[in-house]
Q: 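The structure's right below; bear with me while I get my questions together.
Small disclaimer: the values here were computed from a predicted structure and weren't measured.
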Amino acid sequence: MVNTILGRKLGMTQIWSDNDEVIPVTVIQAGPCTVAQVKTKETDGYEAVQLGYGDIKEKHVNKPMAGHFAKAGIAPTRYLREVRVEDASEHQVGEQVTVENFEGIDHVDVTGVSKGKGFAGVIRRYHFAGGPGGHGSHFHRAPGSVGMCATPSRVIKGLRMPGHMGCDRVTVMNLELVRIDPEQNLMLVKGAVPGGKGALVTVRKAVRMYQA
């Protein structure tokens, strides 16, 4: 069974639990996704299925992708994502993946692209402490030393410095799956997930369980 599904983040709300506790949840419009391609170890060297999600107009599909969908015999989709499975031969092209696949699953991992924040300094981007706030100090929000003088006489790769913040692929792991609604293809996940409203997210069964 495919334990991954694509969807859109609709926003956040809150619901009441059976113990009369308020639970903040993110509402995700998940699926239905269509299996666009099945990859087996014999043909491709590994086991995977390709999921298609989202409506798209025919005029926005280029010729290579139109041929790919025509070969599969399915309607074109806006997004395609590949998902590893244990045995791809169990699945067929055109098969539908819905939120019902998550029946009995308590925790999920959600992957998305974080909101873009533009250019940011080290204090906002990496939570640097900064310098003293007094008038006599000339070191307030600067990063400080970025390298050595003689050896190696250059800035080390990977040094945390000001730059573009956000628009990163982020995975939030082990979120509680509070509720699913198969009729409306909705998933209610406890807590926040990456991205803004309408952003594409990938929801999968939690790969490792731990207590928060």
Side-chain angles (χ1 to χ4, degrees), residues 1-41 44-54 77-93 95-116 127 165-212:
M1 184 179 68
V2 179
N3 55 9
T4 303
I5 194 170
L6 306 179
R8 287 187 177 275
K9 175 181 175 179
L10 300 184
M12 292 196 68
T13 184
Q14 59 186 21
I15 62 174
W16 291 92
S17 68
D18 297 334
N19 300 328
D20 290 335
E21 295 179 349
V22 175
I23 303 177
V25 295
T26 300
V27 183
I28 299 175
Q29 185 88 44
C33 297
T34 306
V35 176
Q37 186 179 3
V38 176
K39 296 187 176 183
T40 61
K41 198 169 184 179
D44 300 276
Y46 61 97
E47 304 283 332
V49 295
Q50 192 182 74
L51 299 181
Y53 171 73
T77 59
R78 185 177 181 86
Y79 303 103
L80 285 175
R81 294 294 185 271
E82 192 173 282
V83 178
R84 293 292 188 101
V85 293
E86 294 183 1
D87 187 5
S89 61
E90 297 179 353
H91 307 282
Q92 297 179 351
V93 174
E95 177 183 337
Q96 294 290 312
V97 178
T98 65
V99 295
E100 294 180 351
N101 289 29
F102 288 80
E103 287 280 2
I105 295 178
D106 298 327
H107 292 79
V108 294
D109 301 334
V110 181
T111 302
V113 177
S114 61
K115 292 181 180 180
H127 309 292
M165 181 180 178
C167 291
D168 296 319
R169 179 182 170 91
V170 181
T171 300
V172 182
M173 305 185 71
N174 203 42
L175 293 177
E176 182 182 347
L177 182 57
V178 180
R179 187 180 303 168
I180 64 172
D181 186 352
E183 294 183 0
Q184 303 185 57
N185 299 314
L186 295 180
M187 304 178 71
L188 303 184
V189 179
K190 183 178 180 180
V193 303
K197 293 181 179 179
L200 177 72
V201 294
T202 303
V203 183
R204 71 183 180 194
K205 180 182 178 181
V207 295
R208 66 172 182 259
M209 296 294 299
Y210 59 90
Q211 295 296 327

Q: Would you indicate whether the side-chain heavy atoms of V99 and L186 approach each other to under 4.5 Å?
A: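 Contact flag for L186/V99 side chains = no.
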Q: Taking CD in E100 as the centre, count heavy atoms belonging to other residues, nucleotides or ligands within less than 6.0 Å. Is the count above 12?
A: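 No.
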Q: To the nearest 0.5 Å, what is the distance between CE (M173) and OG1 (T111)?
A: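 Between M173 CE and T111 OG1, I get 8.5 Å after rounding to 0.5 Å.
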Q: Test your reading of the model: is there a side-chain donor-acceptor pair from T77 to the backbone of Y79, 3.5 Å cut-off?
A: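 Judged by distance alone, yes, a pair lies under 3.5 Å.
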Q: Which atom pair, heavy atoms only, marks the closest approach of Q29 to Y53?
A: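 Looks like O-OH, 3.3 Å.
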Q: Shortest non-hydrogen contact from N3 to F102?
A: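 Heavy atoms of N3 and F102 come nearest at O-CZ, 3.5 Å.
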Q: Please report the interatomic distance CZ(R8) to CG(N185), rounded to the nearest 0.5 Å.
A: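 One gets 14.0 Å once the value is rounded to the nearest 0.5 Å.
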Q: Can you find a pair of side-chain heavy atoms, one from T13 and one from V25, that are under 4.5 Å apart?
A: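 Answer yes - side chains close enough.
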Q: Taking all non-hydrogen atoms of both residues into account, name the closest pair between E82 and A48 and its distance.
A: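 Looking at all heavy atoms of both residues, the closest pair is CG-CB, 3.9 Å.
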Q: Please report the C-alpha distance between I23 and I15 in whole Å, then the side-chain angles of each, then the deciding distance to 0.1 Å, and finally whether the side-chain contact (heavy atoms from CB on, under 4.5 Å) criterion is met.
A: CA-CA 5 Å; I23 303 177; I15 62 174; 4.2 Å; yes
Q: Under the salt bridge (Lys or Arg N to Asp or Glu O under 4.0 Å) definition, can you give me all pairs with a residue in residues 181-202, not counting sequence neighbours?
A: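 Matches after skipping sequence neighbours: none remain.
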Q: Side chain to side chain donor-acceptor pair (under 3.5 Å) between T40 and E47: does it pass, once the steps are laid out?
A: CA-CA 5 Å; T40 61; E47 304 283 332; 5.4 Å; no
Q: Is there a side-chain contact between P194 and V201, using heavy atoms and a 4.5 Å cut-off?
A: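 They are not in side-chain contact.
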Q: Taking the side chain as C-beta and beyond, is there a heavy-atom pair between I180 and E103 under 4.5 Å?
A: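 I180 vs E103: side chains touch.
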Q: Under 6.0 Å from the NZ atom of K205, do we count more than 12 heavy atoms belonging to anything else shown?
A: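 Counting other residues, nucleotides and ligands, NZ of K205 stays at 12 neighbours or fewer.
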Q: Please report the closest heavy-atom contact between V207 and D109, naming both atoms and the distance.
A: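 That closest heavy-atom pairing would be N-OD2, 3.2 Å.
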Q: Hey, could you give me the CZ/OG1 distance between R81 and T4, rounded to the nearest 0.5 Å?
A: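 Rounded to the nearest 0.5 Å, the CZ-OG1 separation comes out at 12.5 Å.
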Q: Is there a side-chain contact between D168 and V113 (heavy atoms, below 4.5 Å)?
A: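 D168 vs V113: side chains apart.
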Q: Can you tell me how far apart CD (E176) and CG (D106) are? Round to the nearest 0.5 Å.
A: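 So the CD of E176 and the CG of D106 are separated by 7.5 Å.
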Q: Compare all side-chain heavy atoms of W16 with those of V22 and state whether any distance is below 4.5 angstrom.
A: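 They are in contact (side-chain heavy atoms under 4.5 Å apart), so the answer is yes.
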Q: Between I5 and V203, is there a side-chain heavy-atom distance shorter than 4.5 Å?
A: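 In short, these two side chains touch, coming nearer than 4.5 Å.
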Q: Could you tell me the separation between the CD1 atom of I28 and the CG atom of L200, rounded to the nearest 0.5 Å?
A: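 If I round to the nearest 0.5 Å, the distance is 10.5 Å.
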Q: Could you report the tightest heavy-atom contact between V93 and A36, atom names first, then the distance?
A: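 Closest pair (atom of V93, atom of A36, distance): CG1-O, 3.9 Å.
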Q: Taking all non-hydrogen atoms of both residues, which atom of G191 and which atom of T26 are closest, and how far apart?
A: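 Here G191 and T26 meet closest at O-OG1, 2.5 Å.
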Q: Rounded to the nearest 0.5 Å, what's the gap from CE on M12 to CG on L188? Could you check?
A: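 Answer for the CE-CG pair, M12 versus L188, is 11.0 Å.
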Q: Given side chains that start at C-beta, do those of R169 and T202 come closer than 4.5 Å, heavy atoms only?
A: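 Side-chain contact under 4.5 Å: no.
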Q: Using the rule given for side-chain contact (heavy atoms from CB on, under 4.5 Å), can you reason through V49 versus E90, listing the C-alpha separation, both sets of side-chain angles and the distance that settles it, and then say yes or no?
A: CA-CA 10 Å; V49 295; E90 297 179 353; over 6 Å; no
